[in-house]
K.L.:
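This structure is in structure tokens; I'll ask about it shortly.
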Protein chains: 2
Amino acid sequence: MFDTLRSHINRKIKLSESEFALVTTFFIPKKLRKKQYLLQAGDVCKYLAFVSKGCLRSYSVNDKGEEHIVQFAIEDWWMTDLKSFLTNEPATYNIDALEDTELFLIDKESQDKLYSVMPKIEHYFRILLEGNNTAAQKRISDFISASAEERYLNFLKTYPELVQRVPQSQVASYLGIKPQSLSRIRKELSEKK
Amino acid sequence: MFDTLRSHINRKIKLSESEFALVTTFFIPKKLRKKQYLLQAGDVCKYLAFVSKGCLRSYSVNDKGEEHIVQFAIEDWWMTDLKSFLTNEPATYNIDALEDTELFLIDKESQDKLYSVMPKIEHYFRILLEGNNTAAQKRISDFISASAEERYLNFLKTYPELVQRVPQSQVASYLGIKPQSLSRIRKELSEKK
DNA sequence: GCAATCCGTTAACATAGGTTAATGTGTTTT
DNA sequence: AAAACACATTAACCTATGTTAACGGATTGC
């Protein structure tokens, strides 16, 4: 049941059978159908989610109704609206499923309790957060200094699995451009080479 | 000497006098003159730096020689090239001082040792990383969905101190636009209202 | 105190990406 | 099987931001 989570945690820290058995008691399994929400903007984000199978996206919707994808999460990724999760403020992002998806959820209180009964888990999340920070840094760097075409090429290189799995319009949204523009960029790229 | 660091840490966790005295032994004080480098791209980033006084910036330089500011750090902020610091790979960013600056430095081994002798410090950094992640999320969100004008207004609101302290051209670089464009945007804003 | 440099402004022109709208195709719903 | 929908493509036109270049005031260095 918790195999995916277990092997992900074991890649960063070492836990015994019984320690991991204890860890699992803090998580709630949950399945989402394609298009189903895990979180809607305005609600408080109560859970941090580990994707065991499937694909999620988090996105904002502005006053014109335009969606902008902030993050994708496939197998072995964690997803939440971190700010809302940490502060209990209403979420600014929506999270929903791009495919039928299986998750393990943990709420903030359980997580804090887990930290205190098993400090190695805080260590695990600290390492995870470091990785997230470097990835975010990279993405910001890209937005500051790269053109849409360069960002698309970087995306292809960094997340080749995702390109196969999510509609092109969703990739465009993640890159901060319109689907028509991505289509044009792809055409130009194919003409170049 | 370590007052600024102490009060910053004490805002997140509680340390006794003697605990904090131990913590300080892990840090190296350092002063930088304006324009002096803390890190040059290509070198390995050995230190995580706490700004006690002054102002740093981290930035990339592309093949055309254009600089793009990834982050500012004033009093009470931490600065590093996180990826290089964690992996010992050559840094992709430069870090230098925009003002005469006073720092406390810690290297990776010292930090890891500090985590093990004082787990509360790992807790402190975990909380710090969470805050960093939410700020990065916000900035990415801004790049995906906001115009240069909106990003500038957000910057004014979020970092009013910085607008006073750093040259406008540096703010433009942080926003991902050219100084001339920021100048034009400011003009349009002043005409509107 | 003078020269050099940095910094912000402005303006004319260029371009990447947005907008609108039409078309085709495959997929879901009924 | 038909209708409705989701998704990608293309094209003509529009706009925000980039580019190049010139100017002037302020600051820094000698």
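Worth knowing before you read on, the calculation uses all heavy atoms, side chains too, and leaves out hydrogens, waters and symmetry mates. The shown structure was predicted, so the numbers you read here are calculated from the model rather than taken from an experiment. Just so it is clear: chains get the letters A, B, ... in the order the sequence lines come, proteins before strands, and each one is counted from 1.
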K.L.:
For residues 109-120 of chain B, which residue pairs qualify under side chain to side chain donor-acceptor pair (under 3.5 Å), counting only residues two or more places apart or in two chains?
P.N.:
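Qualifying pairs: B:Glu19-B:Lys120, B:Asp107-B:Ser110, B:Lys108-B:Asp112, B:Gln111-B:Tyr115.
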
K.L.:
For the pair made of CD in B:Gln170 and C1' in C:dG8, what is the distance, rounded to whole Å?
P.N.:
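The answer, rounded to whole Å, is 13 Å.
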
K.L.:
Expressed as a whole number of angstroms, how long is the span from B:Tyr152:OH to C:dG8:C1'?
P.N.:
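Atom-to-atom, B:Tyr152 to C:dG8, this comes out as 12 Å.
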
K.L.:
Under 4.0 Å from any atom of DNA chain D, heavy atoms only: list the residues of residues 173-184 of chain B that qualify, in numerical order.
P.N.:
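Of all residues in residues 173-184 of chain B, the ones placing a heavy atom under 4.0 Å from DNA chain D are B:Gly176, B:Ile177, B:Lys178, B:Gln180, B:Ser181, B:Arg184.
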
K.L.:
Please report, rounded to the nearest Å, how far the C1' atom of C:dA11 is from the CD atom of B:Glu191.
P.N.:
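Value for this atom pair: 13 Å.
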
K.L.:
Can you see if the side chain of A:Arg186 gets near the phosphate of D:dA8 - specifically, an N or O under 4.0 Å from OP1 or OP2?
P.N.:
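The answer is no; no side-chain N or O of A:Arg186 sits under 4.0 Å from OP1 or OP2.
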
K.L.:
In terms of the angle between their ring planes, are A:His8 and A:Phe50 parallel, tilted or perpendicular, with boundaries placed at 30° and 60°?
P.N.:
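Taking A:Phe50 first and then A:His8, their aromatic rings sit tilted (interplane angle of 30° to 60°).
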
K.L.:
Which of these, B:Lys31, B:Arg165, B:Lys34, sits in a salt bridge (Lys or Arg N to Asp or Glu O under 4.0 Å) with B:Glu99?
P.N.:
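The option that passes is B:Arg165.
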
K.L.:
Tell me if the NZ atom of B:Lys14 is crowded by more than 12 foreign heavy atoms within 6.0 Å.
P.N.:
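More than 12 heavy atoms, drawn from other residues, nucleotides or ligands, come within 6.0 Å of this atom.
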
K.L.:
Between A:Asp142 and A:Asn154, does a side chain to side chain donor-acceptor pair (under 3.5 Å) hold up when you go through it step by step?
P.N.:
CA-CA 9 Å; A:Asp142 250 37; A:Asn154 286 345; 2.9 Å; yes

K.L.:
For the pair made of CD in A:Glu150 and P in C:dA16, what is the distance, rounded to whole Å?
P.N.:
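So the CD-P distance, A:Glu150 to C:dA16, works out to 11 Å.
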
K.L.:
Does a side-chain N or O of B:Gln168 approach OP1 or OP2 of C:dC6 to a distance below 4.0 Å, or not?
P.N.:
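Result: no.
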
K.L.:
Where the side chain of A:Lys187 is concerned, which of D:dA11, D:dT17, D:dA8 is the nearest nucleotide?
P.N.:
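In terms of side-chain proximity for A:Lys187, the closest of D:dA11, D:dT17, D:dA8 is D:dA11.
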
K.L.:
Can you tell me the distance, in whole Å, between the CD1 atom of A:Ile185 and the C1' atom of C:dA16?
P.N.:
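Those two atoms, CD1 and C1', are 8 Å apart.
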
K.L.:
Start with the C-alpha distance between B:Arg57 and B:Tyr174, add both sets of side-chain angles, then the distance that settles side chain to side chain donor-acceptor pair (under 3.5 Å), and finish with yes or no.
P.N.:
CA-CA 10 Å; B:Arg57 59 173 186 159; B:Tyr174 179 91; over 6 Å; no

K.L.:
Given atom CD1 of A:Ile144 and atom C1' of D:dT17, what is their separation to the nearest angstrom?
P.N.:
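Distance, rounded to whole Å: 16 Å.
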
K.L.:
For the pair B:Arg126 and B:Glu130, find out whether any cationic side-chain nitrogen is under 4.0 Å from an anionic carboxylate oxygen.
P.N.:
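Yes.
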
K.L.:
State whether B:Arg6 and B:Glu17 are salt-bridged, where the test is any N-O pair (Lys NZ or Arg NE/NH1/NH2 against Asp/Glu carboxylate O) under 4.0 Å.
P.N.:
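Salt bridge: yes.
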
K.L.:
Short of 4.0 Å, heavy atom to strand atom, which residues of residues 55-72 of chain B count as contacting DNA chain D?
P.N.:
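Output list: empty, so none.
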
K.L.:
Take atom CZ of B:Arg33 and atom C1' of D:dT28, then tell me their distance rounded to the nearest Å.
P.N.:
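Result: 15 Å.
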
K.L.:
Establish whether B:Phe2 and B:Leu105 are linked, either directly or via other cluster members, by ILVMFWY side-chain heavy-atom contacts under 4.5 Å.
P.N.:
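In one cluster with B:Phe2: B:Leu105, no.
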
K.L.:
Figure out the CG/C1' separation between B:Leu189 and C:dT9, and round it to whole Å.
P.N.:
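One finds 15 Å between C1' of C:dT9 and CG of B:Leu189, rounded.
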
